[in-house]
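Structure first, commentary second.
Please read all numbers here as calculations on a predicted model, not as lab measurements.
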Amino acid sequence: MKKRITILFFCCLLFQQNSFSQERSFLRWIKGYASWNPSTFVVNGGDNVSFTGVSTGVGIGFSLSKSVPFCLEVSPNFQVSFKKLNKGGISHIPGKFSMFSLKLPVNLLYELELKDGLSIIPYVGIYARGNIVGELNADDDWYGTVNVFSESEVGEENVFKRFQVGAHAGINLRIAKRFDVGVSYDQDFNEITKDVKTRSLNVSLSYYFKK
């Protein structure tokens with residue numbers, strides 16, 4: 001009797017596990033990626049300022065339909081940006097600028113399979129970015145290290161904002177079902193400082209842990 005109950009118990013567990021796996025089948029992939037982000041501070045009425053960024057993160061893709069290859073991807077990442085700034089433009093203090101940010105893109109993708117193991121994936125999406133730390137290591141020792149988010153240190157005209165939202169579009173080429181290379185273009189909706197918005201070109205390399 002005990003053996004029958006034990007067998008029945010394990011059969012129920014197996015059934016539940018299979019049901020759970022089917023419910024979770026909408027999970028398409030989990031990937032890690034790294035990106036190079038050449039970017040620009042677009043100054044309204046002034047000279048634009050280019051700067052460099054690098055980022056790394058994870059992407060989690062979900063199927064939206066069993067019949068149509070539309071997917072939703074959430075891909076949080078950590079980004080570091082840096083630039084040698086001259087006086088004028090976006091700063092009245094010359095020095096080395098650096099900023100650390102967290103970014104949360106949400107993308108709608110369409111997976112077009114060219115042949116086995118090779119796919120083209122165009123996408124569009126929106127993102128939110130929170131700027132955690134921003135510093136200017138001034139050339140003049142009198143200023144020292146300046147917090148660009150502090151109005152008392154950089155002034156009302158030059159203080160940076162901690163939160164931006166924007167939109168982007170891009171395309172990935174998936175190779176051998178485990179790797180992809182991609183390029184995308186980002187454009188912020190709101191200003192990072194007075195009369196200045198950010199845009200960037202992103203070149204990425206990804207590896208799929210689950211596909």
Side-chain angles (χ1 to χ4, degrees), residues 29-44 46-61 71-86 89-91 94-109 120-137 146-149 154 158-175 178-209:
W29 64 73
I30 299 174
K31 69 180 184 180
Y33 67 94
S35 300
W36 174 54
N37 318 113
S39 307
T40 304
F41 288 128
V42 181
V43 182
N44 184 20
D47 295 331
N48 294 343
V49 178
S50 62
F51 63 98
T52 302
V54 291
S55 58
T56 183
V58 296
I60 305 172
C71 298
L72 185 73
E73 184 182 70
V74 180
S75 51
N77 64 76
F78 177 74
Q79 182 173 348
V80 181
S81 305
F82 45 91
K83 170 69 177 179
K84 177 68 171 71
L85 294 178
N86 298 316
I90 65 167
S91 176
K96 295 178 181 178
F97 167 79
S98 61
M99 186 166 68
F100 301 84
S101 308
L102 283 176
K103 187 175 178 182
L104 181 61
V106 179
N107 303 319
L108 178 65
L109 307 91
I120 290 180
I121 309 171
Y123 64 91
V124 294
I126 58 175
Y127 59 85
R129 185 177 65 249
N131 303 314
I132 304 169
V133 178
E135 293 183 342
L136 181 65
N137 189 359
V146 179
N147 178 4
V148 299
F149 301 113
V154 297
N158 298 283
V159 66
F160 275 47
K161 298 175 182 177
R162 289 191 178 272
F163 184 75
Q164 280 79 48
V165 293
H168 59 189
I171 188 167
N172 294 335
L173 177 65
R174 181 180 294 149
I175 305 167
R178 284 292 181 183
F179 301 92
D180 76 31
V181 292
V183 61
S184 65
Y185 175 80
D186 293 4
Q187 176 66 63
D188 284 3
F189 294 146
N190 59 320
E191 295 178 345
I192 191 168
T193 187
K194 186 177 179 181
D195 295 327
V196 179
K197 292 183 179 181
T198 305
R199 68 186 182 199
S200 63
L201 179 70
N202 311 292
V203 181
S204 64
L205 175 64
S206 306
Y207 175 79
Y208 290 80
F209 298 102

With no hydrogens and no angle check, just 3.5 Å: does a side-chain donor-acceptor pair link Asn202 and Ser35? no

Using the six-membered ring of Tyr208, assess whether NZ or CZ of Arg174 lies under 6.0 Å from its centre and within 45 degrees of the ring axis. yes

Mind checking the OH-CD spacing from Tyr123 to Glu73? Nearest 0.5 Å is all I need. 8.0 Å

Donor-acceptor check, side chain of Thr193 to backbone of Val159, threshold 3.5 angstrom: yes or no? yes

Any side-chain heavy-atom pair of Ser200 and Thr40 under 4.5 Å: no

CG of Asn172 to CG of Leu109, rounded to nearest 0.5 Å, is 7.0 Å

For Lys84, is the NZ atom crowded, meaning more than 12 foreign heavy atoms sit under 6.0 Å from it? yes

Rounded to the nearest 0.5 Å, what separates atom CG in Leu173 from atom OG in Ser206? 11.0 Å

Is the shortest heavy-atom distance from the side chain of Val196 to the side chain of Val42 under 4.5 Å? no

If you round to the nearest 0.5 Å, how far is CZ of Phe41 from CD of Glu191? 12.5 Å

Show the numbers, then the answer: is there a side chain to side chain contact (heavy atoms under 4.5 Å, CB included) between Leu136 and Lys83? CA-CA 9 Å; Leu136 181 65; Lys83 170 69 177 179; over 6 Å; no

At what distance, to the nearest 0.5 angstrom, does CH2 of Trp29 lie from CG of Asp180? 9.0 Å

Is there a donor-acceptor pair under 3.5 Å between the side chain of Thr198 and the backbone N or O of Gln187? no

Testing the basics here: between Leu104 and Val74, what is the closest heavy-atom pair and its distance to 0.1 Å? CD1-CG1, 3.7 Å

Checking Leu72 against Val106 for the side chain to side chain contact (heavy atoms under 4.5 Å, CB included) test, could you report, in this order, the C-alpha distance in whole Å, the side-chain angles of both residues, the deciding distance, and whether it holds? CA-CA 7 Å; Leu72 185 73; Val106 179; 3.8 Å; yes

Between Val154 and Val146, is there a side-chain heavy-atom distance shorter than 4.5 Å? yes

Does Leu108, at its CG atom, have more than 12 non-hydrogen atoms belonging to other residues, nucleotides or ligands within less than 6.0 Å? yes

Working to the nearest 0.5 Å, report the span between NZ of Lys31 and OG of Ser75. 7.0 Å

List the steps and the verdict of side chain to side chain contact (heavy atoms under 4.5 Å, CB included) for Tyr33 and Thr56. CA-CA 6 Å; Tyr33 67 94; Thr56 183; over 6 Å; no

So, are Lys103 and Asp186 salt-bridged, with charged N and O less than 4.0 Å apart? yes

Using the salt bridge (charged side-chain N to carboxylate O under 4.0 Å, His left out) definition, which of the options Arg129, Lys197, Arg199 pairs with Asp188? Arg129

Phe78 vs Leu102, side chain to side chain contact (heavy atoms under 4.5 Å, CB included): CA-CA, chis, key distance, verdict: CA-CA 5 Å; Phe78 177 74; Leu102 283 176; 3.9 Å; yes

Would the distance check show the side chain of Tyr127 and the main-chain N or O of Gln164 forming a donor-acceptor pair, the cut-off being under 3.5 Å? no

Could you tell me whether the side chain of Val183 reaches within less than 4.5 Å of the side chain of Ile171, counting heavy atoms only? yes

Are Phe97 and Phe82 close enough that their ring centres sit under 6.0 Å apart? no

If we only count heavy atoms from C-beta on, is the Pro105 to Asn77 side-chain gap below 4.5 Å? yes

Determine whether a donor-acceptor pair (N or O, by modelled atom type, separation under 3.5 Å) exists between the side chain of Asn131 and the backbone of Lys161. yes

Atom of Asn107, atom of His168 and distance for their closest heavy-atom approach: OD1-NE2, 2.6 Å

Hydrogens and angles aside, do Ser55 and Asn37 bring a side-chain donor and acceptor to less than 3.5 Å of each other? yes

Side-chain heavy-atom pair Lys194, Phe160 within 4.5 angstrom cut-off: no

If every non-hydrogen atom of Val43 is compared with every non-hydrogen atom of Asp47, which pair is closest and at what distance? CG2-O, 3.3 Å

Give the minimum heavy-atom separation between Phe149 and Gly134, together with the two atoms involved. CE1-N, 3.1 Å

Does the gap between the ring centers of Phe179 and Tyr207 come in under 6.0 Å? yes

